[in-house]
Every structure is written in structure tokens, then in C-alpha cells.
Amino acid sequence: MAAPATKGLGVPMRTSIATVSISGEFPDKLAAIAKAGFSGVEIFENDFLTFDASPREVAKMARDHGLDITLFQPFRDFEGMPEPHRTRAFERAERKFDIMGELGTDLMLICSNVSPVSLGGIDRAAADFHELGERAAKHGVRVGYEALAWGRHVNDHRDAWEIVRRADHTQVGIILDSFHTLSRKIDPNSIRSIPGDKIFIVQLADAPLFDMDLLYWSRHFRNMPGEGDLPVVDFMRAVAATGYTGPLSLEIFNDQFRGGHARALAEDGHRSLVYIMDQVKRQEPDIRIAVPDMPDRITAHGVEFVEFTTAPAEKANLASLLGTLGFNRVARHRTRSVDLYRQGDIRIVINTDQTGDSFAVSSYSVHGTNAYAFGMKVDNAMDALKRAAALGATTFSEPRKAGEVHVPAIQGVGNGVIYFLDDSAKLSTIWDAEFVPVEEEAAQPTAGLTRIDHLAQTTHYDEMLTWLLFYTSIFSTRRTPMVDVVDPGGLVRSQAIESVPEPTFRLTMNGADSRKTFAGKFLAEGFGTSIQHIALATDDIFATANRLAELGFEALPISRNYYDDLEARFGLEPAFSDALRAASILYDRDDRGEYFQIYSRTFAEGFFFEIIERRGAYGGYGAMNAPFRIAAQRRLSGPAGMPRG
Ligand code: MG
Ligand code: MG
């Protein structure tokens with residue numbers, strides 16, 4: 001992603017990230033940070049101590065990447081010390097000031113004291129900071145004071161600000177960190193009364209809501225703004241209201257990130273800052289925010305089509321599976337070997353085009369038969385493309401033949417393609433322009449499937465936050481709580497993303513930890529392909545089940561134990577549970593409604609269809625049935641090429 005363009009203030013948004021936030025060796029971190037578009041970097045002392053480079057060498061490396069060193073940190077246990085600790089703390093600080101001179105940075109972070117020997121008292125701390133300010137001035141550096149959420153005497157930015165205010169020194173300011181404020185549920189609006197020029201740097205981090213020790217939570221579970229549950233936008237609105245124009249710096253401690261990909265993490269980080277500041281700009285229209293203009297979050301109105309790529313020799317299998325689901329081939333492409341299948345509002349495209357430069361061919365050669373693309377209905381396709389690009393998505397296009405319509409698109413999970421289609425009367429013109437109806441075939445009665453309820457994408461667990469941020473930052477969506485699905489081969493975490501206000505677009509993301517899980521095996525065998533299942537809705541599950549049986553559809557057989565347990569759990573009438581069992585229908589219910597599911601057997605590298613009916617306002621995805629589905633899939637797994645844990 002390129003650095004954001006200048007707007008309004010005449011200075012671009014300055015972005016920074018602490019070197020601890022991402023994985024890898026120190027030089028790789030700097031390269032990834034620069035490539036992702038950051039203008040600055042916070043140097044953690046330990047990072048270069050362990051890398052064994054001198055401060056001057058580190059300064060040169062950062063400069064060579066075009067990065068400012070925004071902050072040197074951390075300096076611990078400074079204020080309120082009794083002698084002889086106090087004298088030693090000042091001496092220690094002066095040594096660090098020398099290092100900062102060599103690093104070429106003028107700002108040091110001092111976090112609030114956690115030492116058991118430290119003494120409280122706002123005036124004592126203020127006096128220490130005033131004296132430190134005098135010494136800092138001689139070195140031409142500044143010090144910023146940060147209230148740690150677990151500080152011994154100071155654990156609230158309001159107290160830190162009072163100390164800085166009383167220290168009353170040009171070289172002494174406050175450092176705000178969203179985690180420390182928001183984890184303790186301190187009202188971020190209290191920031192609004194701090195003068196912007198006394199805020200020396202702002203550190204941003206989010207986190208999932210956990211009820212745990214603050215230090216442990218902070219050191220292990222922070223994540224990028226927008227990936228967690230903290231009100232980081234409210235925090236930044238308050239910061240923006242102070243007139244602060246300094247860097248926005250990410251400081252993320254996360255166990256999972258330490259093992260992740262430096263490039264992807266840096267890109268996520270930059271995306272998260274642009275996303276957060278775009279929201280701040282919309283909610284604080286009177287404040288100039290130097291973030292690029294982009295359309296507001298895009299409302300997804302549903303899936304217009306899903307496209308499979310396959311080889312000509314394998315096409316018959318997929319076509320016959322669609323036939324047993326009640327689909328009819330309704331049209332074929334004017335110039336390519338591409339067929340359109342339809343049922344209700346569901347369109348499935350099978351692409352066996354062998355044109356050398358087509359992406360379908362390369363996707364097939366990497367992943368085998370797979371659902372590599374889908375079309376998303378939006379109000380304005382060009383707006384969707386603009387917003388996605390502004391947030392760092394990779395745009396997608398390929399050579400068109402004469403008469404083919406340009407459809408804006410981006411790359412998504414597993415190198416799949418997301419096409420954007422205007423949800424308007426013009427939509428049919430795309431189909432009309434490129435496809436001709438197939439009239440020679442007699443249409444069979446359908447199975448009553450009406451629309452695509454949801455797509456399910458599978459990814460490695462360490463990429464899951466990346467893709468959740470991708471969807472939630474581009475589209476107007478909400479995340480449901482994460483659910484753990486137990487697979488005999490390990491854990492799969494599942495989280496749904498739904499359009500708001502109406503769930504017209506639903507997508508479930510499954511993060512597989514282990515390749516021994518069914519989902520992990522799918523990833524390994526398909527080399528990271530994207531869509532693992534497509535859920536098709538019916539308004540009458542029993543009628544659909546009957547019709548599917550006539551069509552020769554083979555449902556995934558579900559164990560008798562499941563139905564015995566189900567009957568007991570929900571107190572079902574035996575006749576009802578017999579009907580479910582006869583058609584291999586899984587069932588769930590919550591206080592808002594009921595959910596019925598039928599699964600197909602797996603296809604290709606572990607792909608499957610799901611047929612569902614929602615009754616009432618049931619809002620889930622049958623997560624509690626997933627272990628039974630996985631067990632059934634494992635039982636059916638064949639030895640060759642099929643998933644077997
Ligand atoms: Mg911090
Ligand atoms: Mg599903």
C-alpha cells in the first residue's frame with residue numbers, strides 16, 4: 001500500500017509501528033514496515049541489542065528504508081524512586097539519551113513505575129520529570145510519560161497528564177496508549193482536555209475482550225485496531241479533538257504475530273490505521289484528518305454467483321453434483337468454455353476455459369477444481385473497488401475478449417477473486433452480454449433452493465485476523481463471536497461476518513491450526529484455496545430433501561447417535577427426529593428460531609455444499625453440529641486424495 005496522500009493539513013498522516021509488533025529478524029522487520037507504507041518505526045531497545053548492531057547502524061538501516069525512528073523505548077522504573085535508586089535512574093536515563101543521539105531519535109518513552117520500592121505522590125513524580133526535562137534539553141531530546149494499566153502508583157492517563165502538567169517542562173509530554181486506557185475502561189473523552197502539543201506520541205492497539213490479568217492480556221493478546229473489541233475509534237476521536245498531529249504508532253504484543261509473516265502483519269497494521277482514521281474522519285467532520293478520501297464502508301447485498309474452475313475432464317463430476325442438487329444449465333458463454341447453472345436466485349458458473357492467460361487456468365493448476373471466484377452485489381461496484389484499493393487490497397483484472405464486460409474485482413482469501421457487481425436493473429445485462437441461453441435441454445424441476453445463504457472460507461488460523469480485518473474494513477459488516485469447533489485432528493476456530501444492518505451477505509471464516517483437521521487438510525491438499533463450502537437456502541427443508549432423493553443426491557450420512565442425543569437435548573417428538581434422521585438433516589435451535597442442515601458428500605479436495613433452512617430469526621450457523629459433520633466426513637474419506645486426518 002502506498003503512503004496516504006496529503007490532505008488538508010499539508011502533512012500526510014504519519015504512521016509508525018513498534019518493531020516488537022511483527023515477526024522476523026530486525027532487518028526483515030524494517031523492510032516489511034517500509035514496504036507496507038509506514039513512515040516511521042518505534043525501536044525497542046531489545047530488538048537491536050539482540051540483533052547486535054550499533055545504534056548508528058540501526059539509524060542508517062532505518063534511513064535507508066525511508067523510515068523515521070519515532071520513539072526509543074522502553075525506559076522503566078524512573079519516577080518516584082528513593083535514593084540511591086533515584087540517582088541511578090537519572091544516570092541510566094542519560095546513558096539512553098546518548099544512545100538516542102546515535103539512533104537519531106529525539107523521543108524516549110518512560111512507562112509508569114512498577115517497582116515495589118517506588119514512592120507515590122504526584123508532586124514527587126512531577127519534580128523528577130522536571131529535572132529529567134532539564135537534562136533531556138541538554139541532549140536535545142524529549143521524554144514522554146505513559147501510564148501503564150498496571151503501574152504501581154500511576155495507572156491512568158489522567159494521573160500521568162497531571163504529573164506532566166505539573167512538571168511543566170517543554171521536553172516533557174504524555175504518551176497515550178489505547179490499550180492502557182481502554183483495558184481499564186477509562187473514558188477516552190478525558191483525553192480531549194489535554195493540549196495536543198503535549199501529547200508526544202499516540203500508541204494504538206486493540207484486543208479481544210478477555211477477563212484476565214491486565215499485564216498478561218497486554219503482553220500476549222493485543223491486536224491491530226479493528227481486530228479486537230476495544231473502542232479504539234472513540235479513543236482516536238478524542239485524540240484528534242486535541243489537535244494532535246504526531247505519528248500514530250502501533251504497539252502490538254501478540255504471541256501469534258511473533259510467528260506470523262512480517263509482510264502480512266505490516267500490511268494489516270497499515271490497513272488498520274487507515275481504517276480507524278477513516279472512521280474517525282466520518283465521525284468528527286469538523287476535524288481535519290489526513291487520511292485519503294475513500295467511499296464509506298460498502299454494503300454487500302449478497303452473492304450473485306460463485307464460479308468454479310475445473311479441467312474439461314473433471315467437469316462432468318461437478319455438473320452431475322449440481323444436477324443432483326436440482327440445478328439446470330441455463331446458458332453458456334459466447335466465446336469461452338464456461339457454463340452457467342441456475343436454481344432460484346443461485347447462479348453457479350463452471351469454467352473449463354483453457355485460454356492460456358486466463359486466471360481460471362492458473363487457479364486450477366495450483367489448487368485443482370475449486371470455487372475460485374464469487375460475485376458480490378453492491379450499490380456501486382467502482383466505489384467498492386476504490387475503498388478496497390485504499391485499504392490495500394490487490395485489484396484484479398485479466399485480458400478480456402471482444403464483447404466481455406469489465407467487472408471490477410479484487411483478490412481475496414486463498415488468491416480467490418471477488419467481483420463487484422452493481423445491484424441494479426443493469427445486472428442482467430452482464431449475463432446477457434456474455435452468455436447465450438441454452439435451449440436444447442429440457443429443464444428439470446428444481447429442488448426448491450432459492451439463494452446462497454453463506455459462503456464458508458477456510459484459512460490458516462494465523463491468517464484469520466488478516467482476512468477478518470480485510471472484510472470488516474472494506475464492507476459494512478459485523479463479526480459474530482468466535483466459536484471453537486473441535487475436530488479430532490485439532491481445533492478449528494470459526495467466526496462469521498454479516499452485512500449490517502441486514503445480514504444480506506454472510507460468510508463464515510474457519511481458521512485451521514493443524515493440517516490434521518479436516519479444514520487444515522483441505523488447505524494442504526488444495527494449496528490454500530478459498531471457498532470450502534457454499535450453503536444454499538430452501539424455504540422447505542423436507543420438501544427439498546424429498547426432491548433431492550428423487551434426483552439421486554447423496555447426503556452426508558449422519559450417525560444415529562447424533563439423533564438420539566438431539567432428541568434428548570431438545571426434547572423432540574420422536575416422529576420429528578425420525579424425519580430428520582431419514583433425510584440426514586441436522587438441526588439446531590435458539591431462542592429466536594430453528595436451523596436445518598443437509599450436507600453433500602465432499603468433492604474435489606474436500607469441498608462440499610450445505611443446504612439449509614432458517615425458521616424464525618435463527619441467526620447462527622449450526623456450529624454445535626460441526627463436530628458431527630466433521631466426523632461423518634472423516635468416516636467417508638477415501639484413501640486417495642480425499643481428506644483423512
Ligand atoms: Mg505503550
Ligand atoms: Mg455452513
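Note that ligands are numbered from 1 as they come in the structure, with each ligand's atoms numbered from 1 the same way.
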Parallel, tilted or perpendicular: ring planes of F570 versus Y587, cut at 30 and 60 degrees | perpendicular
Are Q597 and N625 close enough that a side-chain donor and a side-chain acceptor fall under 3.5 Å?
-> yes
Flag the pair H367 / Y372 as yes when their ring centroid distance falls below 6.0 Å, and as no otherwise.
-> no
In E251, which N, O or S atom comes closest to the Mg ion (ligand 1)?
-> OE1
Ring-face cation contact, F210 with R222, 6.0 Å cut, 45° max | no
The Mg ion (ligand 1) - name of the N/O/S atom of D177 that sits closest to it | OD2
Taking just the N, O or S atoms of E146, which one is nearest to the Mg ion (ligand 1)?
-> OE2
Of the N, O or S atoms in H533, the one nearest the Mg ion (ligand 2) = NE2
Pair H157, T181: side-chain N/O donor-acceptor within cut-off below 3.5 Å = yes
Can a cation-pi geometry be assigned to R493 and Y461, taking NZ or CZ under 6.0 Å from the six-membered ring centre and within 45° of the ring axis?
-> yes
Does D453 bring an N, O or S atom to within less than 2.8 Å of the Mg ion (ligand 2)?
-> no
State the atom name: nearest N, O or S atom of E610 to the Mg ion (ligand 2).
-> OE1
Taking both backbone and side-chain atoms into account, decide whether Q203 has an N/O/S atom under 2.8 Å from the Mg ion (ligand 1).
-> yes
